[in-house]
There are 2 protein chains.
Amino acid sequence: MATAAQPRRLRADAARNRRLLLDTAATAFAEQGIEVSIAEIAQRAGVGKGTVFRHFPTKEDLIAAIVGDQLDYLSDAGDALLESADPTAALIEFMTLGVDLQARDRSVCQIAIGVVHNDPEIKAAADRLGRTATALTERAREHGGIRDDVTGQDVLLLLRGAYQAAAPLAHVAPELGRRYLAVIVAGLRPATSPLPGPIPGPSLSIDTMRTEVEDGDSRNA
Amino acid sequence: MATAAQPRRLRADAARNRRLLLDTAATAFAEQGIEVSIAEIAQRAGVGKGTVFRHFPTKEDLIAAIVGDQLDYLSDAGDALLESADPTAALIEFMTLGVDLQARDRSVCQIAIGVVHNDPEIKAAADRLGRTATALTERAREHGGIRDDVTGQDVLLLLRGAYQAAAPLAHVAPELGRRYLAVIVAGLRPATSPLPGPIPGPSLSIDTMRTEVEDGDSRNA
DNA sequence: ACCTGAACACCGTTCAAGT
DNA sequence: ACCTGAACACCGTTCAAGT
């Protein structure tokens, strides 16, 4: 339920349309990916195109709202896993859920990949997911299940990597995501040599880090 | 140099235009990603839009040609590394080159992700890269550097995963790809428990696997 | 307040007319 | 044989006119 800073109370029909659009778009995106046209979504929902843009000023905003919901789903699952007896198994289960979620819904794959960054709803959902991942990661670390230079952000990003590695063959071998998650999990086990480069901070959300740098630069790498 | 089944000999100006377009598009894609318009590429190259489509019937074909070249570059580097004294270090170096290549060129990131599948040029380049990766992987395995249930295809896909994991923060922390590659490499070390799921065959290219299944199905997962 | 569809700018692609 | 730009279909987005 990522219902953040809304202008307080929508008219009855407006609220209904918003939900309707969210649901219609979610299934459409899951089926065909984000390239479905707004026109088609509007038609499937039985409203005019203009209505879509009244609720979501841009297509990105619509995607953001849906992805935000999905992130919340993963946060819920992660929070529940915090009660689990085996912290390491809980972290692995969390990552597995994340990989499967991406496989199920094509639109989630774009999470945080530049398309959907500056939206406040997504930002809030991503922050919450970051906190959950950090908690799970710290428990697993204290339990001795994973190396001590790995953060919750690492876990979230690697969970994305596991799915993205498998993505090209997703149609042929849907279980491949699990395979690569297993490789990654094995790589997270306690080890001697430290990982190279900077460590993504546990408190720093993806969006925060990005906006800090000012958007739209660095086109020339 | 992926110059495959072309209608034998282009007219002088045509050959020149083709190269010009390839170069112009390559830099444009690397700078701004694949979303640059054909119109802009045509203009930057100083030709009409129609000319672009005469050489590359579709935008995908243009991308395919460029990505194919890039894959060849990685194959060349990999083949050179086959002479290296330390097979395990060679494999790691190969993967590092692959991650860096993706970071350098935004268009390569889409490799084999469904956009660019059925193109024969890409298919040939991907096959070759697959063979190179397989050779490097087998040498490292015989050397005892990696677990024995990992194929060259695994290596290629994981190399993609490493970059994709880091991609959301690529602007802020360009070295993050190396970090996640290190995690993955650690996970590839010889181990007791086998990886779950099917093993991507060393001889089977990504494209081959895909066309075997017949495209356009499996929309409902 | 909210909905709607015509209108706009832009994109990939086609093709008749040129050389 | 190859090049060109006008023309087409489609897309995201805007907005004046309706309720």
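The sequence lines fix the lettering, A, B, ..., with proteins before strands; numbering per chain opens at 1. For the numbers below, each heavy atom of this structure counts, side chains included, while hydrogens, waters and symmetry mates do not.
- In this structure, B:Gln43 places its CD atom where only 12 or fewer heavy-atom neighbours from other residues, nucleotides or ligands lie under 6.0 Å away.
- Atoms CZ and CD, from B:Phe29 and B:Glu35 in turn, are 9.0 Å apart once rounded to the nearest 0.5 Å.
- Nearest to the side chain of A:Phe53, among D:dG12, C:dG12, C:dC3, sits D:dG12.
- Nucleotide C:dC3 holds its C1' atom 16 Å from the CZ atom of A:Arg18, rounded to whole Å.
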Would A:Tyr180 and B:Asp154 count as a side-chain hydrogen bond (donor to acceptor under 3.5 Å, both in side chains) here? Give the steps. CA-CA 8 Å; A:Tyr180 296 140; B:Asp154 284 328; 2.4 Å; yes
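- Side-chain N/O atoms of A:His55 include none lying less than 4.0 angstrom from OP1 or OP2 on C:dC2.
- Checking A:Arg160 against A:Gln102 by side-chain atom types alone, no donor-acceptor pair falls below 3.5 Å.
- A:Arg54 has its CZ atom 17 Å from the P atom of D:dT19, to the nearest Å.
- When distances run from any side-chain atom of B:Ala14 to the nucleotides D:dC2, D:dT4, C:dT4, the shortest one goes to D:dC2.
- Counting all heavy atoms, side chain and backbone alike, B:Val155 lies closest to B:Leu91 at CG1-CD1, 4.1 Å.
- Heavy-atom distances to DNA chain C give each of A:Asn17 and B:Ser37 a nearest nucleotide, and the one nearer the 5′ end belongs to A:Asn17.
- Looking at B:Lys59, its side chain has no donor and acceptor atom pair within 3.5 Å of the base of C:dT13.
- The distance between atom CD of A:Gln43 and atom P of D:dG12, rounded to the nearest whole Å, is 14 Å.
- For the side-chain contact (heavy atoms from CB on, under 4.5 Å) with A:Phe94, the qualifying choice from A:Leu82, A:Val99, A:Leu156, A:Thr137 is A:Leu156, the only one to do so.
- For A:Thr58, no side-chain nitrogen or oxygen approaches OP1 or OP2 of D:dG12 to under 4.0 Å.
- Distances shorter than 4.0 Å separate none of the side-chain N or O atoms of A:Arg11 from OP1 or OP2 on C:dA1.
- The distance from atom NZ of B:Lys49 to atom P of D:dC3 is 16 Å, rounded to the nearest whole Å.
- Between the CG atom of A:Leu21 and the C1' atom of C:dC2 there is a distance of 13 Å, given to the nearest Å.
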Given the rule in the salt bridge (charged side-chain N to carboxylate O under 4.0 Å, His left out) test, do A:Glu31 and A:Arg44 qualify, once you have shown the distances and angles that lead to the verdict? CA-CA 13 Å; A:Glu31 287 170 9; A:Arg44 278 170 69 160; 3.6 Å; yes
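- Rounded to an integer number of Å, the gap from B:Phe56 CZ to C:dG12 P is 15 Å.
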If pairs are Watson-Crick or G-U with both distances under 3.5 Å, what is the dot-bracket string of DNA chain D, marking crossing pairs with [ ] and pairs to another strand with |? ||.|||||...|||||.||
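- One can place CD of B:Glu40 at 15 Å from C1' of C:dG12, the figure rounded to the nearest angstrom.
- At whole-Å resolution of the value, CD in A:Glu35 and P in D:dG12 are 10 Å apart.
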